[in-house]
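Below: the structure, in structure tokens.
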Number of protein chains: 2
Amino acid sequence: MGAGQVKNILEIYKHRVIEIQKDARIRYVLVCKNSGSAAGSGITHQHSEIIATPVIPLRMKAELDGAKSYYAYKERCIYCDILEEELRVGSRVIIETERFVAFCPYAPKFPFEFWIVPKEHRCAFEDAGLDEIDDLSHVLASAIKRMRTALNNPSYNYVVHTAPNRIPRRDHWHTLGDDFHWHIEVVPRLQRAAGFEWGSGFYVVPTSPEDAAEFLRRSGGDV
Amino acid sequence: MGAGQVKNILEIYKHRVIEIQKDARIRYVLVCKNSGSAAGSGITHQHSEIIATPVIPLRMKAELDGAKSYYAYKERCIYCDILEEELRVGSRVIIETERFVAFCPYAPKFPFEFWIVPKEHRCAFEDAGLDEIDDLSHVLASAIKRMRTALNNPSYNYVVHTAPNRIPRRDHWHTLGDDFHWHIEVVPRLQRAAGFEWGSGFYVVPTSPEDAAEFLRRSGGDV
């Protein structure tokens with residue numbers, strides 16, 4: 001898919017998330033994509049998934065809690081700090097545009113995992129404006145093309161990490177807008193989790209993020 | 001493998017765990033088995049893995065913390081309570097022997113997941129006596145044979161869930177011996193985790209544990 005088609009899809013994600021969040025019972029709307037059988041996809045045509053739940057999913061909750069603790073301690077967004085450090089160091093950056101950075105995180109769970117993070121601090125994907133969606137469509141299409149070129153068209157997953165439904169409720173925290181920073185996490189499915197990963201929650205990653213980023217930077221990503 | 005060979009392997013697990021735990025730097029010894037490529041095994045011959053870490057792995061910590069909270073609240077071991085309930089209900093039990101129960105848990109993460117839990121409360125696998133190891137070897141060999149028959153020889157993982165290294169240290173809790181209950185968790189790898197599971201930490205399981213247990217009970221498990 002070219003950037004134009006990816007843009008249409010991102011617009012659909014945004015409008016569906018906004019629509020679903022009007023239902024106050026929904027606490028979280030998770031947008032993800034499974035491409036290829038190794039990524040758990042049982043459907044052969046291209047598709048994404050949007051799953052809304054009446055609770056904040058466990059892992060999202062852990063991520064939100066982590067960001068909130070960091071904010072409570074530093075009075076800064078952890079993702080803004082990560083972005084600043086990644087741009088300073090540079091060796092893990094794959095693509096930088098006016099509004100986004102795609103990079104391999106310092107401590108990935110999987111080899112060649114990468115994140116796409118907006119430079120402007122914003123807690124929710126669905127608040128992204130037209131210019132931001134347009135820029136994101138180029139970054140996402142280009143980064144995925146690089147991954148497909150570099151890794152011989154692997155199965156992959158991506159997940160949009162956004163804020164929970166912000167319909168006011170008692171247990172929502174007042175710093176959510178400041179402490180969380182939406183982003184997309186992409187993982188090519190190159191190896192399967194084994195007993196150690198399953199039992200421990202720890203992940204063995206044989207490729208350094210610097211090597212992965214260099215490999216992805218060198219691969220063609222014109223879209 | 002017959003029960004005799006499995007017994008030898010369990011004895012080796014036990015002696016290796018005891019030996020490794022003599023090193024005070026080791027906080028946890030994780031014993032697991034990956035069988036088949038879909039279970040993440042990169043080695044074709046039969047093997048197990050023993051991985052010792054200087055920290056308690058994340059997921060083990062979550063399990064230990066959960067058991068500890070339950071004990072603090074109820075003054076009873078959660079696994080003893082689960083066993084009592086499973087034996088009372090019966091529909092999720094696969095095998096019951098003098099010393100062990102193999103059953104499909106009430107809320108599994110994966111279809112056909114099953115646990116093997118000793119009836120006698122004990123926090124550590126490595127404290128199991130000869131009679132217990134002997135009984136366990138029959139239950140484990142029989143349950144795996146049933147799984148292989150029922151599910152057409154699937155890839156699978158199992159993980160021994162035991163107490164952390166009990167060399168006394170400041171942050172060890174004095175109820176560990178009472179609140180945790182060692183057991184083995186077995187998972188056939190029938191489907192791959194997709195974006196939703198990865199992003200949410202929630203698992204979609206299409207088979208009820210009652211159906212899974214009945215299917216496993218009916219499959220041949222002579223060893």
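Atoms considered below: every heavy atom in the structure, side chains included; atoms not considered: hydrogens, waters and symmetry mates. Labels below follow one simple rule: chain letters A, B, ... track the order of the sequence lines, proteins then strands, and each chain is numbered from 1.
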For atom CZ of A/Arg148, decide whether the heavy atoms of other residues, nucleotides or ligands shown that lie under 6.0 angstrom number more than 12.
no
Expected contact set for residues 158-166 of chain A against chain B at heavy-atom separation under 4.5 Å reads A/Tyr158, A/Val159
Find the one option among A/Thr53, A/Val31, A/Ile51 whose heavy-atom pairs under 4.5 Å with chain B are most numerous.
A/Ile51
Structural part of A/Val204 lying under 4.5 Å from a heavy atom of chain B
neither
Take a 6.0 Å sphere around NZ of A/Lys61 and say whether it holds more than 12 heavy atoms from other residues, nucleotides or ligands.
no
Among the listed options B/Gly199, B/Cys32, B/Ser200, the residue most often paired with chain A at heavy-atom distances under 4.5 Å:
B/Ser200
I need the minimum non-hydrogen distance between B/Leu58 and A/Phe202, along with the two atoms involved.
N-CE2, 3.4 Å
Region of A/Phe196 that comes under 4.5 Å of a non-hydrogen atom in chain B
both
A/Glu185 versus chain B, the contacting section by heavy-atom distance below 4.5 Å
both
Taking only heavy atoms into account, what residues of residues 15-26 of chain A are found under 4.5 Å from chain B?
none
So which heavy atom on A/Glu197 is nearest to which on B/Arg59, and how close?
O-NH1, 3.8 Å
Sort A/Val187 into side chain, backbone, both or neither according to what part of it lies under 4.5 angstrom from a heavy atom of chain B.
both
With sequence neighbours left out, what residues match A/Arg189 under side-chain hydrogen bond (donor to acceptor under 3.5 Å, both in side chains)?
A/Asn157
Output all residues satisfying side-chain hydrogen bond (donor to acceptor under 3.5 Å, both in side chains) with B/Arg27, sequence neighbours left out; order by chain, then residue number.
none
